[in-house]
Amino acid sequence: MTDMLHGLMQDDFPLTLNHIRRRVRSSNFGAEVVTLMPDGSVERSTHAQVAERIDRLARVLAELGIEQGDRVGTFAWNNQRHLELYFAIPCSGAVLHTLNIRLFNEQLTYIVNHAEDKAIFVDDSLVPLLEKLAPSFSTVERYVVMGGGDTGTLPNALRYEDLLEAAGPGDFDYPEVDERQAAALCYTSGTTGNPKGVLYSHRSISLHSSGTLMTDSTALSRDDRVLAVVPMFHANAWGLPYGAALAGADLILPDRFLGAEPLANLITAERPTLMGCVPTIFADLLRYADAHPEVDLSSLTNAACGGSAVPRQLMKDFEERHHVRIFQAWGMTETSPVATYSRPMEGEQDDAYWDDRAKQGRPLPWVELRLVDDDGTEVPWDGLSTGEIEVRGPWIAAGYFREPDDEKFDSGWLRTGDIAAVDEKGFVQITDRAKDVIKSGGEWISSVELENELMSHPDVVEAAVIAKPDERWAERPLCCVVLANGAGTTADQLVDHLRDRVAKWWLPDEFAFVEEIPKTSVGKFDKKVLRGRLAEGTLDGRVQV
Ligand code: AMP
C-alpha cells in the first residue's frame, strides 16, 4: 500500500474559541454589545472593550486557581458579563457550565455536584435563588457575584467588578488549547432520569458558529444586530453570541426582561435585524404589538424560532401585520443546537411555499440525517413514511458527560427521540415525539415523573401522561388515569395530590379517566395509541381542571 499523501495546508491550526476572541478584539471594528438595564436604559460596549474585559477576567480566573479542565458554573441571564464568561472560561482552557436557572432545586443540586463545579458566577438578581441551594453543593469553592446587588448568604463570595478592577489592563497570555478540548457544558432535562451533560468541544462550537453564518441557516452577518432572547443557559443561546462574535455583528441582550412589553420596546428602540426565541415568546410579542400601534418590529427581517413546532399562522401574522420574517429551526442541546433550518426557495408565496416554511427544514451542511423505524430499518424520504430522526456530524454529541447512555446512540448516530417524515426535497417534518417528555413553553416536563407521582395516590391504579397540543405553551400534559374500582377521586383531588410534589407549572390542566391504559406486546404503556385517540377525538373520560 502506498503512503497517504498529506495535503500541505495548516491543518494543525486549531478551531478554538481563541480565534473568535481574537476577532472580537481586533476585527470587529464598530460592533457593539448592548445590554438592557432594569430601568429600561441600555449599556453599550464595543467589541474591543468587551475583549479587554475578557482578558482581565481570564487573569481573575487564573488568580482564583481555575485550571485547565475545571468546570466553572454561570447562573446568569443574557447580559454582557455572561458574554465575557462565555469567552474567558473556555479560552483559559476551563469549561463554561451554564446552569439552567429554571430547573428544580434537586436538579440544580444534582447538576452542580455531577459537574463538580469549582466556582459559580451569579447575577445579583439571582443570588436569592442560588443562596438557598449553596449548602447542597459539594465542590463549589467560591461564588462571584455580578452587579452591585447583595451577595446574600453565599459563602466565599467575591464581587466581579472588584476582581476585574484589581486584575488591571493588558494582554493575557492564554494557554494553548486543543480544538478537541472541552469548552462548554450544558445539561439537558429532555431525557428520562437525571439531566444529562452535553460537553461541547472548541472544535464543535467553532464549526457550529460558522454554521450560523451560512445563508441557508441563521444567515448571520456583519450587518446584523442580533437580539438573543433565548437564554444563554440553554444550548449556548443557540450559538447566537458566538456567531455574532465571529461575524462581527452587534449583539443585543435583554438580561432577564423577557416579557412582551420590554422586548417590544427594546426592538423598537434598538432595531435588531435578527432575533432568536421560542414560539411562546413570539406569540406574546405578536399580541402585544397588535394592541400597541407605537411598537415597530419591522427591523426583524430574519427571526429564528424553534424549541418547539412553530405555528404557520404565527409566522404569517407576523409577516403580514408587522413585516417580520420568522424562520423555523430544529435542534436539541445535543446538536449544539441548530441542525435543520427551514428556508424554502423564495418565489411565489403559495400554499406549497408555506407548507415548507411550517416544516422544520433541511439539515444544515455537515449535519447528516436519517429516519429509522422501530426495527432499525431506514425509512425512505417520501414525505409520508415516518421514523425516528438520527443525526451525526461535527457538532453532534457523541455521548454524555460521565454518564454512559448507549441506547441514545446507534453506531455513531444520535437518536433524537423525535419522529418525523422527510420529503424528497429533504425537508424534515416532525410528527411526534418518542421520548417520554413534554415540552411546555420551552421547558421540559417529565411524563414519567408525573406518572410516578400520580400512581403514588392510593386510588390510582395506572397513569400515563401524554402531551396535548396547546396554542400558548405548545404542549401541556394530559394525564390518562385508571382509578381503583369504585373510587370516585376527582381531577381536582389529583391536582391537590400533585401540588407539593411537582413544580407549579407541571400541574396538569386536563385528565382522561379511562378504563384501561393500552399496552404494547411487552406490557409497556402504549402512548402511541393514546396519542392517536387524542388526535382522532376518541379519547374518552376527559375532564378539565
Ligand atoms: P432542547 O434540548 O431542550 O433544546 O430540546 C430539543 C427538543 O425540542 C427536540 O428534540 C424537539 O423535541 C424539540 N424541538 C426543537 N425544535 C423544534 C421544532 N422546530 N419543532 C418541533 N420540535 C422542536
Side-chain angles (χ1 to χ4, degrees), residues 98-103 107 111 184-192 195-200 208 217-218 229-240 276-283 303-312 314-315 326-343 356-364 367 369 371 386-391 395-397 400-401 405 408 413-422 427-447 466-467 469-470 473-475 531:
T98 49
L99 292 157
N100 182 346
I101 62 161
R102 295 198 179 123
L103 294 181
Q107 289 176 315
I111 286 171
L185 176 62
C186 188
Y187 281 74
T188 172
S189 54
T191 56
T192 41
K196 311 265 188 320
V198 178
L199 192 57
Y200 306 110
H208 181 267
S217 159
T218 320
V229 175
V230 51
M232 288 171 78
F233 52 75
H234 186 178
N236 294 338
W238 298 351
L240 294 174
C277 72
V278 293
T280 314
I281 290 188
F282 270 119
C305 193
S308 42
V310 186
R312 170 196 301 230
L314 180 76
M315 292 189 273
I326 298 179
F327 295 93
Q328 171 158 213
W330 167 84
M332 52 203 296
T333 307
E334 292 90 332
T335 65
S336 290
V338 187
T340 74
Y341 224 97
S342 181
R343 287 188 183 274
D356 286 345
R357 278 284 289 278
K359 293 180 182 174
Q360 277 70 21
R362 293 173 65 224
L364 260 56
V367 173
L369 184 146
L371 297 179
T386 58
E388 181 172 1
I389 302 177
E390 294 190 351
V391 282
W395 59 78
I396 311 291
Y400 291 114
F401 183 48
D405 189 351
K408 201 66 191 155
W413 294 76
L414 169 78
R415 293 195 166 112
T416 65
D418 287 319
I419 310 294
V422 182
F427 276 71
V428 175
Q429 180 163 32
I430 301 211
T431 56
D432 200 359
R433 191 177 285 143
K435 47 198 171 194
D436 244 346
V437 276
I438 294 158
K439 207 168 198 196
S440 179
E443 297 291 329
W444 292 108
I445 295 177
S446 161
S447 53
I466 56 172
D470 183 274
W473 300 107
E475 288 177 5
R531 285 195 281 258

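Note that the structure is a prediction, hence the values are computed from the model and not measured. As the structure lists them, so they are numbered: ligands from 1, and atoms in each ligand from 1. Residues take their numbers from the sequence shown, with the count starting at 1.
In this structure, R357 is positioned above the aromatic face of F327, its NZ or CZ under 6.0 Å from the six-membered ring centre and within 45° of the axis.
With sequence neighbours excluded, the residues satisfying ring pair (Phe, Tyr, Trp, His ring centres under 6.0 Å) with W395 are H208.
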Would Q360 and Q429 satisfy side-chain hydrogen bond (donor to acceptor under 3.5 Å, both in side chains), going step by step from the backbone distance to the final call?
-> CA-CA 5 Å; Q360 277 70 21; Q429 180 163 32; 5.9 Å; no
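Distance check: L369 CG to I389 CD1 gives 5.5 Å after rounding to the nearest 0.5 Å.
Within 4.0 Å of ligand 1, the residues that place a heavy atom are T188, H234, G307, S308, A309, Q328, A329, W330, G331, M332, T333, Q360, D418, R433, K435, K439, W444, listed by chain and number.
Side-chain atoms of T192 and D436 include no donor-acceptor pair closer than 3.5 Å.
A salt bridge between K439 and E475 is absent, with no side-chain N of the basic residue lying under 4.0 Å from a carboxylate O of the acidic one.
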